[in-house]
Amino acid sequence: MMIVVLFLIGLLTAWIGSIAGLGGGVILVPALLFLSDHFESFNWVNPQSIVGISLVVMIFTGMSSAISYIKHKRVDKKIGMLFLIGSIPGGIFGSWLNQFFKTDSFSLIFGVVMIAVSLLFFIPRKPISIFQHGMKREKVVNGKSYTYQMPLVIGLILSFVVGLLSGLLGIGGGSLMVPAMILLFQIPAHIATATSMFMIFFASISSSATHVLLGHVEWAYTLYFIPGAYIGGMLGARMNRRMNGQAVEWFLRILLILIGIRLIWQGIG
């Protein structure tokens with residue numbers, strides 16, 4: 001029974017995470033926190049093991065999603081590599097910080113971050129990016145050309161902060177990076193989600209390695225998440241391609257608000 005539950009959690013979290021470019025951690029982390037509160041068989045769960053498992057699983061979610069998105073030419077590889085320069089060291093540092101957190105404060109911080117990010121989508125946006133200088137990019141998706149700019153210094157700082165929170169909270173970075181790409185840099189939602197999954201794949205490798213060295217990964221359980229995560233990542237990428245940009249944004253809004261409320265309630269309680 002445990003094996004089936006872990007497989008299904010891996011499948012569902014990767015499917016949802018791949019659609020929104022979040023990596024799945026925003027579903028897997030609260031799911032395990034909930035199960036640990038209500039079922040004795042999940043008494044092995046703690047903040048450190050959750051984040052370790054989440055980041056290892058996201059390697060496989062990111063791999064399957066990124067392969068699918070690259071195949072359909074939706075990934076902006078240059079911007080993805082720029083973000084990796086900042087997010088990898090940030091993720092390592094955040095993974096190290098994680099060992100000092102307890103469950104309640106962990107849940108509360110995670111929930112506040114999710115709510116704050118979701119609210120950003122309701123701020124009215126101008127049709128042009130607020131940044132007028134930086135690396136100019138042009139990307140063609142489904143025959144339509146998109147142009148946008150990425151300021152290098154701001155991109156590096158942002159990606160370091162996102163990497164830090166990813167390693168600390170096990171959220172994969174996408175829940176912050178995707179909104180930043182859409183809201184700050186006017187990158188279309190389809191390109192933002194695809195590029196996020198490309199970045200998550202590589203960033204999760206370095207962050208999870210830190211957790212492995214710190215002994216936070218429960219391999220006896222982690223291995224059962226991986227097959228579902230790989231399949232779910234492919235299915236989510238396929239569904240994303242069938243949705244329009246506005247639908248992807250609404251999916252993000254609702255998802256982050258629900259998760260944030262649940263975790264804040266758990267952290268306070």
Side-chain angles (χ1 to χ4, degrees), residues 6-7 9-18 20-33 36 42 44-67 69 80-81 83-101 103 106 109-110 113 159-178 195-234 236:
L6 298 185
F7 172 85
I9 291 174
L11 179 70
L12 181 63
T13 57
W15 175 62
I16 295 174
S18 181
L22 307 186
V26 290
I27 308 295
L28 190 148
V29 172
L32 287 181
L33 287 171
S36 68
F42 284 85
W44 50 272
V45 172
N46 58 55
Q48 287 71 43
S49 66
I50 288 176
V51 176
I53 288 172
S54 177
L55 290 170
V56 170
V57 170
M58 276 192 288
I59 294 175
F60 296 89
T61 303
M63 181 191 300
S64 61
S65 301
I67 289 172
Y69 282 129
M81 294 304 294
F83 286 151
L84 282 172
I85 294 172
S87 64
I88 288 177
I92 294 172
F93 183 52
S95 299
W96 176 79
L97 284 178
N98 172 269
Q99 62 189 308
F100 302 108
F101 280 80
T103 304
F106 177 82
I109 292 172
F110 194 1
V113 169
S159 60
F160 178 84
V161 173
V162 168
L164 187 152
L165 290 171
S166 170
L168 178 64
L169 303 175
I171 57 178
S175 55
L176 299 175
M177 190 58 78
V178 172
T195 303
S196 174
M197 294 309 301
F198 171 81
M199 181 189 76
I200 283 170
F201 168 58
F202 291 100
S204 296
I205 294 174
S206 60
S207 295
S208 61
T210 305
H211 282 280
V212 169
L213 292 174
L214 291 170
H216 294 167
V217 179
E218 297 280 353
W219 290 108
Y221 302 102
T222 304
L223 295 176
Y224 296 123
F225 288 98
I226 292 174
Y230 191 86
I231 296 170
M234 289 190 294

With rounding to the nearest 0.5 Å, note down the distance linking [atom1] in [X] to [atom2] in [Y].
X: Ser36; Y: Phe42; atom1: OG; atom2: CZ; result: 9.0 Å
X: Ile67; Y: Met197; atom1: CD1; atom2: CE; result: 11.5 Å
X: Phe201; Y: Ile205; atom1: CZ; atom2: CD1; result: 4.0 Å
X: Ser64; Y: Ile59; atom1: OG; atom2: CD1; result: 12.0 Å

[X]: partners by side-chain contact (heavy atoms from CB on, under 4.5 Å), with sequence neighbours left out:
X: Ser159; answer: Phe83, Ser87, Met177
X: Ile85; answer: Leu156
X: Phe225; answer: Leu6, Ile9, Leu28, Leu32, Ile53, Val57
X: Ile16; answer: Leu12, Ile27, Phe251, Leu255

Can you say whether the rings of Phe202 and Phe198 are parallel (under 30°), tilted (30 to 60°) or perpendicular (over 60°)?
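Judged by the thresholds at 30° and 60°, the geometry between Phe202 and Phe198 is perpendicular.
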
Looking only at non-hydrogen atoms, find the nearest pair between [X] and [Y] and report the distance.
X: Ala14; Y: Gly233; result: CB-N, 3.6 Å
X: Phe60; Y: Tyr230; result: O-CD1, 3.7 Å
X: Val178; Y: Gly21; result: CG2-O, 3.4 Å

Residues in side-chain hydrogen bond (donor to acceptor under 3.5 Å, both in side chains) contact with Thr61, at least two apart in sequence or another chain:
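None.
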
side-chain hydrogen bond (donor to acceptor under 3.5 Å, both in side chains) against Ser18, all qualifying residues, sequence neighbours excluded:
Ser65

Looking at side-chain heavy atoms only, is the closest gap between Ile92 and Trp96 below 4.5 Å?
no

Could you list the residues that satisfy ring-ring contact (aromatic ring centres under 6.0 Å, His included) with Tyr224, not counting sequence neighbours?
none

Mind checking what makes ring-ring contact (aromatic ring centres under 6.0 Å, His included) contact with Phe7, not counting sequence neighbours?
none

